[in-house]
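Within every chain, numbering begins at 1; the chains are lettered A, B, ... in the order of the sequence lines, protein sequences first and strands thereafter.
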2 protein chains.
Amino acid sequence: MARRGYGQICGLSRALEIVGERWAMLIIRDLLLGPKRFTDLRQGLPRIPTNVLSARLKELEQAEVLQRRILPRPATAVVYELTDYGRELDGILMALGRWGARSMGTPEPDDIYTVDSLMMALRTSYQANEATRVPAEPVSYEVRVPGIVISLTVQDGELGISGGPQPDPDLVIEASDGFAALLTGTLTPSAAIENGSVRVTGDPELLTDFANTFRI
Amino acid sequence: MARRGYGQICGLSRALEIVGERWAMLIIRDLLLGPKRFTDLRQGLPRIPTNVLSARLKELEQAEVLQRRILPRPATAVVYELTDYGRELDGILMALGRWGARSMGTPEPDDIYTVDSLMMALRTSYQANEATRVPAEPVSYEVRVPGIVISLTVQDGELGISGGPQPDPDLVIEASDGFAALLTGTLTPSAAIENGSVRVTGDPELLTDFANTFRI
DNA sequence: CTGGATCCCTCACGATACTG
DNA sequence: CAGTATCGTGAGGGATCCAG
């Protein structure tokens, strides 16, 4: 009771009571990419305890940020999906992500990439670079970091993004920790290839386009 | 170190590790209105324990969101002020506040207005209504809710806002809980005056302008 | 297998008192 | 005024267990 609530009549206070609890915004981030099942969320948030995930989902449902929905047959499964109200957080979360990305130091040894966070990051930086983008379209990339594969296509200024591999990408980018440095610009594309922190299959020149398209 | 991070290489995760802790964003909200001393912050966040305030200030300083500065003489005092990096959260916090305001139900009995939250709210809604505003300028308002007085001036499309009274305002608006309902549009200006939840001194017609200018 | 609920332990938070 | 010190509580972390 005291834990809940800041005791102020204020929109920001109210917002923080809804989405300010630990893990809440990350759950929403993952759901922004589409409806998900309990186990999918658990997978995307490796360190979240199941009881906390459970509690957050109930709270966010209560606040009408998301809905619990039982999938029609034949696949009787429970999915969680954002409401329109919840989806309005999209821009805010992207802006916050962009803000926080500037403070990312070198990752802790056991920090990991997740499919959803990476998809969100690429989506965010693509949008942020809208003005300066040089369109050498259409082009398709496949990004691989340890345990993760993501497919990207750019065509007519539209970004397509999905988990998993794709057939015949123009460029395959394979990296680990160095990937973040590439996106933030700490590491130039050519230097990244030279020192081996990024490996590519395809025209190495495309990596420069990639870095420009998705620079944070 | 904060309560263990989220273990993800992600801008949003990083942002939440910095400003996602309890009270952090409210501290930043108050500092967005200008540098403040420890005691001022404490005043504006009535329920925050002093040790938590202390801890947050240290963490946020560490993250270069704010600076601790010792005021030059004669007033030897410590103030906290946002860095440029911290000030970039302005738009994000306003957007979040606007989002959360739509979920504000009826306030709890011991929820209160604070000077800073109210100033922030008015500033936010002023900006959000930029497109639809009808400029009947210049005009000055004095808003009074229990324990709080705020002065507003609108001139040349610029909003001036400060704590405390002002000489000779065009309209004095005195309200308590009903004030939020007026801003959200739940309560019309005329109904608010009629049922006594808002009292005005000056031309009652100006209350309609006010409500249009600052509608959430 | 999915979709959680339950247990225990720890630590961050909340309340209060106190100090330079 | 600007914090530090102390201590109790409950949310979160982690593992396990259980129903459909």
*Do we get B:R22 above A:Y6's six-membered ring, with its NZ or CZ under 6.0 Å from the centre and within 45° of the axis?*
yes
_Nearest-angstrom distance from the residue atom CG of A:L53 to C1' of C:dT2_ = 13 Å
*asked:* Is the ring pair A:Y141/A:F214 parallel, tilted or perpendicular, if the boundaries are 30 and 60 degrees?
replied: perpendicular
_For B:R102, side chain to side chain donor-acceptor pair (under 3.5 Å) partners two or more places apart_ = A:E88
*asked:* In whole Å, I'd like the distance from the CD atom of A:E61 to the C1' atom of C:dG4.
replied: 14 Å
*Residue A:W23, side-chain heavy atoms: nucleotide from D:dA2, C:dG14, D:dG13 that is nearest*: D:dG13
_How long is the straight-line distance from OG of B:S13 back to CG of A:L96, given to the nearest 0.5 Å?_
11.0 Å
_Length of the line joining B:E59:CD and C:dC11:C1', which is rounded to integer Å_ = 14 Å
*How are the rings of A:F179 and A:Y113 set to each other: parallel, tilted or perpendicular (split at 30° and 60°)?*
perpendicular
*asked:* Can you tell me which nucleotide in C:dG4, C:dC13, D:dG3 comes closest to the side chain of A:Y80?
replied: C:dG4
*Compare the minimum distances between each of D:dA2, D:dG12, C:dG4 and the side chain of A:S54, then state the nucleotide with the smallest one.*
C:dG4
*For the pair made of CZ in B:R56 and P in D:dT4, what is the distance, rounded to whole Å?*
14 Å
*Between C:dG3, C:dC13, D:dA2, which nucleotide has the shortest distance from any of its atoms to the side chain of B:R22?*
C:dC13
*How many Å lie between CD1 on B:I48 and C1' on C:dG14, as a whole number?*
11 Å
*Expressed in angstrom and rounded to an integer, what is the separation of A:L45 atom CG from D:dG13 atom P?*
11 Å
*Do any N or O atoms from the side chain of A:Q8 and from the backbone of B:L45 form a donor-acceptor pair under 3.5 angstrom?*
no
_Nearest-0.5 Å distance that lies between atom OG1 in B:T106 and atom CG in B:D111_ = 9.0 Å
*asked:* Please tell me if B:K58 has a side-chain N or O lying less than 4.0 Å from either OP1 or OP2 of D:dT4.
replied: yes
*Short side-chain N/O contact to C:dG4 OP1/OP2 from A:R68, under 4.0 Å*: yes
*Which letters describe nucleotides 14-20 of chain D, given B = protein heavy atom under 4.0 Å from base, S = only from sugar-phosphate, - = neither?*
BB-----
*Give the rounded distance in Å between these two atoms: CG of B:L41 and P of D:dC1.*
13 Å
*asked:* What is the separation between atom NZ on B:K36 and atom C1' on D:dG3, rounded to the nearest whole Å?
replied: 19 Å
*Output the single nucleotide from D:dG3, C:dG3, D:dC1 whose closest atom is nearest the side chain of A:V78.*
C:dG3
